[in-house]
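Letters A, B, ... are given to chains in the order of the sequence lines, protein chains preceding strands, and every chain is numbered from 1.
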Number of protein chains: 2
Amino acid sequence: MSPAKSPAASQRSYHHGDLRRAVLTAALDVIAADGPSALSLRDLARRAGVSHAAPAHHFGDRAGLLTAIAAEGYGLLARALGDARDLREAGVRYVRFAREHPAHFQVMFSPGLLRGDDLELGTARALAADALRAAVTAVDPGDRGPDARLAGVAAWSLAHGFATLLLGHNLDGAVGDDDPEEVFRALAAMLFHSAGPDTPRT
Amino acid sequence: MSPAKSPAASQRSYHHGDLRRAVLTAALDVIAADGPSALSLRDLARRAGVSHAAPAHHFGDRAGLLTAIAAEGYGLLARALGDARDLREAGVRYVRFAREHPAHFQVMFSPGLLRGDDLELGTARALAADALRAAVTAVDPGDRGPDARLAGVAAWSLAHGFATLLLGHNLDGAVGDDDPEEVFRALAAMLFHSAGPDTPRT
DNA sequence: AGGCAATCTAGTCAGTGTCAAGTTCGAGCG
DNA sequence: CGCTCGAACTTGACACTGACTAGATTGCCT
């Protein structure tokens, strides 16, 4: 009952008003709760109070819906990375993004569920890749050799692995009650052993 | 007449002989090819030449099958990690395991598809966790403080992230034609900036 | 006001997971 | 040897899902 946009759901008009958005947010709820495999177009239609085939009109099919979510996720990620001033900060933001948008994150990296050749997805992905590349070269604008590329892969792997394990509750015992972002800062400090700017405590 | 082991499908006896194993390997094939979401119990039954409900008799339901695969995966991982003499070597073996058993790896870290309370899964998982812990403390048997734990999380995150991105073809451009294991060795060298294979000073 | 395209409904079909009941087979025991 | 008994497998059914189609409704644009 949240769509402040339009009270169309309660008032039974023929047109929903913003079905696309309603289906998307409902899908994100379901995915965050029970994973992408628990997602059913018919259930989403039921939640939105429309007929079972209405969502298909907006997304084509199941893969289309997931693809739209992934594309939105890459856009959000690009915005979240923004203008990180170094690789470590980019990693922190990467982890923060995964925690704030777990459903998007999960779908983005489940290639089997997506249509890889989708145009919108491609551009969104490229956008995020640009943001990542910017963070890699931000440390030393002149350095574009293999070392920089390797550092980028290392930072991405570390951040991605940490975020993935975190969302899968594989690190519950290890991080305890600590703020995951602070833990990741410590990990990143190990990777870039230049102590760099010290880690500010929040 | 009991060549029931392998050509059981051709020989149409009422009992398959080794249906459990047959379904498992068929499932691994499907998952490696098209991901876990493309898995259908009925299709597996068809491949094994048995009736559509036969697999359920061995695994209960879909989640049971995936759980059995995950448990097997954790067993294989524990064996693969074996007695790695340091964290870096353990990471290399972790990545190697993911590349040699992509289906297992994928299922192991998809909590939404598994029954988390399964007994066999729990023990297998604990076994793998022990192997990991052993690798963490192998560097300095006396050190069990937060530093060692952090190093373990860092190594696990790096290896897991690298393996995940690799399997998702997210690093195709970055690693090029290089041997992924060698690339990971370089990443691990960045993390444990001691250059040597051993003597990692904390 | 009229027409048009987007939006949504309703009906259908093949495919799936899961359950309940029957059938076949082999091992163990009299 | 014959018997039972339980595990492995089959058969049939039900509810549900994704996908497709044709038709109804509506908002918008000229």
Given atom CG of B:Leu41 and atom C1' of D:dC9, what is their separation to the nearest angstrom? 15 Å
In whole angstrom, give the distance that lies between atom CZ of B:Arg20 and atom C1' of D:dA8. 14 Å
Start at the 5' end of DNA chain D and walk down; is the nucleotide closest to A:Asp43 or to A:Ala56 reached first? A:Asp43
Looking at DNA chain C, which of residues 22-34 of chain B put a heavy atom within less than 4.0 Å of it? none
Could you check how far CG of B:Asp61 sits from P of C:dC19, rounded to whole Å? 7 Å
Give one of base, sugar-phosphate or nothing for B:Arg46, where a contact means two heavy atoms less than 4.0 Å apart. sugar-phosphate
Only counting residues at least two apart or in another chain, list the ones meeting side chain to side chain donor-acceptor pair (under 3.5 Å) with A:Arg20. none
Taken to the nearest whole Å, CZ/B:Phe59 to C1'/D:dC9 is 14 Å
Restricting to side chain to side chain donor-acceptor pair (under 3.5 Å), what partner residues turn up for B:Asp178, sequence neighbours left out? none
Quickly work out the A:His57 NE2 to C:dA6 C1' distance and round it to whole Å. 6 Å
Filter on ring pair (Phe, Tyr, Trp, His ring centres under 6.0 Å), then keep only pairs touching residues 58-89 of chain A, sequence neighbours left out; what's left? none
Rounded distance in Å - NE2 (B:His58) to P (C:dT18): 16 Å
For A:Glu181, enumerate each residue passing the side chain to side chain donor-acceptor pair (under 3.5 Å) test, keeping only those at least two apart in sequence or located in another chain. A:Arg96
Residue B:Ser51, side-chain heavy atoms: nucleotide from D:dT11, D:dA19, C:dT9 that is nearest: D:dT11
Listed once per pair and sorted, the ring pair (Phe, Tyr, Trp, His ring centres under 6.0 Å) pairs that draw on residues 29-56 of chain A, sequence neighbours left out: none
Protein-nucleotides 11-13 of chain C N/O pairs under 3.5 Å:
| unit_1 | atom_1 | unit_2 | atom_2 | d |
| --- | --- | --- | --- | --- |
| C:dG11 | O6 | A:His52 | NE2 | 3.1 |

If you look only at pairs with a residue in residues 150-164 of chain A, which of them pass as a salt bridge (charged side-chain N to carboxylate O under 4.0 Å, His left out), with sequence neighbours excluded? none
CG of A:Leu113 versus C1' of D:dG18: gap in Å, rounded? 14 Å
According to a strict under-4.0 Å criterion, is A:Ser40 in side-chain N/O contact with OP1 or OP2 of D:dT17? yes
Once rounded to the nearest 0.5 Å, what's the spacing between atom OG of A:Ser37 and atom CZ of B:Arg62? 7.0 Å
Looking across every strand, which nucleic acid part, if any, lies under 4.0 Å from A:Leu65 by heavy atom: base, sugar-phosphate, or nothing? nothing
Hits for side chain to side chain donor-acceptor pair (under 3.5 Å) against A:Asp29, two or more places apart or cross-chain, chain-then-number order -> none
Is the ring pair B:His104/B:His101 parallel, tilted or perpendicular, if the boundaries are 30 and 60 degrees? perpendicular
